[in-house]
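Accompanying notes for the structure given below.
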Amino acid sequence: MKVFKFGGASVKDAAGIKNVYDVLQKAGYQDVLLVVSAMGKTTNALELVIKNYFEKSAELNASVQEIKKYHNQILLDLFEDENHAVFAAVNEHFSDLEYFLAHNKSPNYNFVYDQIVSMGEIISTTILSYYMNFMGIETQWIDVRNFIKTNNNYRDAEVDWELTQKNIATNIKTKSLNITQGFLGSDENNFTTTLGREGSDYTAAIFAYCLNAESVTIWKDVPGVMNADPRYFENASLLNQISYREAIELAFYGATVIHPKTLQPLQKKEIPLHVKSFINPLLKGTVVSKGSTLEPFMPCFIVKREQLLISLSSIDFSFIMEENISEIFRLFHEFKIKVNLIQNSAISFSVCVEDKFGNFKDLLAILSKTFKVGYNENVTLYTIRHFNDAAAQTVSEGKTVLLKQLGTETMQIVTKEN
């Protein structure tokens with residue numbers, strides 16, 4: 001069996017749904033399992049519903065109706081007959097959502113989040129399944145929550161691999177086109193859970209692992225994995241092949257290649273992962289598999305903008321020791337500040353961090369009681385895997401280099417625009 005994953009951008013409208021059909025005509029659909037995300041920006045729209053729900057906003061009903069309207073237009077564009085069974089099926093899912101909003105008693109935000117946001121994937125796969133059947137491709141719609149079992153750590157649930165393996169291996173029918181949802185699972189009480197960051201890619205890997213799949217293909221709006229973000233680098237090149245290890249290294253430094261948790265189950269069984277274009281599905285794309293580190297071998301650039309470079313030094317010129325560093329990292333964790341680079345000497349400690357939740361000013365007030373603190377805002381962190389002099393020159397030219405760190409294969413440079 002092969003596993004295909006289609007993200008929200010690929011099914012954002014009727015044209016996208018039709019294109020998935022075309023991709024399957026070219027790539028094949030026998031003995032295939034499709035993992036599909038919510039349509040377009042539906043997850044964002046459902047997050048607004050959640051916000052309105054907790055704030056008891058008068059806009060709650062309107063925010064639900066907007067999502068209904070969006071999906072209904074897609075249905076009207078795909079199916080000429082408004083009496084087609086798909087309209088009733090989708091309406092039933094919205095009825096489930098509205099029932100939950102009216103009767104839920106739990107104040108747990110993460111629990112409520114998972115029950116509501118999951119409707120995006122349930123509805124998108126329902127529409128896709130009905131359309132494939134309408135076009136003559138017989139499908140099996142699968143509720144992933146009956147297969148992937150997790151703990152109840154809502155919004156970042158951990159998979160119960162033993163139970164999930166049993167469910168998938170014994171109940172998935174091969175030799176047909178199966179369609180299921182990404183990102184979702186369920187706990188022991190059958191409440192919906194979500195799998196956290198890059199959850200749909202992870203879902204594809206879970207099914208592939210449990211089914212001993214031939215391969216996984218992630219269909220995107222790019223030709224494959226590039227050695228740099230084309231938005232920032234003019235001559236970005238396609239990487240034909242990446243090893244599992246290298247892909248994990250790139251992801252660790254912040255590349256949006258593939259999340260490590262997606263790669264780990266695939267690596268265990270050496271299942272190749274393809275990243276291909278749903279616009280040009282016959283192009284080879286990129287394969288992540290066992291083998292050479294990179295092909296072609298070249299520097300790979302990762303850019304993180306809007307970073308903070310913080311420099312801490314002891315007030316009395318005493319050494320910054322392990323207990324100091326431990327306390328600093330405890331505070332970073334408490335204030336949800338992500339550390340991307342560390343450099344220390346006897347009496348100073350520098351970190352490049354991401355202040356995603358805007359907590360730095362509060363942290364600064366605490367750090368300043370113990371340390372002399374200096375910082376630069378809005379800096380850029382460049383990471384270069386397999387660097388050379390020319391690559392380093394590319395990212396530092398015309399900028400002030402605030403910090404540079406070299407490893408055997410990786411260079412990191414923190415810069416400020418001049």
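Other residues, nucleotides and ligands place no more than 12 heavy atoms under 6.0 Å from the NZ atom of K2. Remark: Q65 CD is packed, more than 12 non-hydrogen atoms of other residues, nucleotides or ligands lying under 6.0 Å away.
You'll find the ring centres of F297 and H386 inside the 6.0 Å limit. Checked against the 6.0 Å centroid criterion, the rings of Y232 and F301 do not qualify as a close aromatic pair.
Aromatic ring pairs are classed by plane angle as parallel below 30°, tilted from 30° to 60° and perpendicular above 60°; the pair F111 and F100 is tilted. Taking the six-membered ring for Trp and thresholds of 30 and 60 degrees, F4 and F6 have ring planes more than 60 degrees apart, a perpendicular arrangement.
Counting heavy atoms from C-beta on, the side chains of V303 and F233 come closer than 4.5 Å. A 4.5 Å side-chain heavy-atom check between M132 and V20 finds at least one atom pair inside the cut-off. Contact check for L24 versus L177: side-chain heavy atoms found under the 4.5 Å cut-off. Between I67 and S63 the shortest side-chain heavy-atom distance does not fall below 4.5 Å.
Remark: the backbone N or O of I279 is paired with a side-chain donor or acceptor of S277 at under 3.5 angstrom. Between the N151 side chain and the A157 main chain, no donor and acceptor come within less than 3.5 Å of each other.
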Working for salt bridge (Lys or Arg N to Asp or Glu O under 4.0 Å), residues E334 and R330: CA-CA 6 Å; E334 180 181 331; R330 186 192 69 77; 2.9 Å; yes
Would N104 and Q115 satisfy side chain to side chain donor-acceptor pair (under 3.5 Å), going step by step from the backbone distance to the final call? CA-CA 10 Å; N104 171 62; Q115 311 318 302; over 6 Å; no
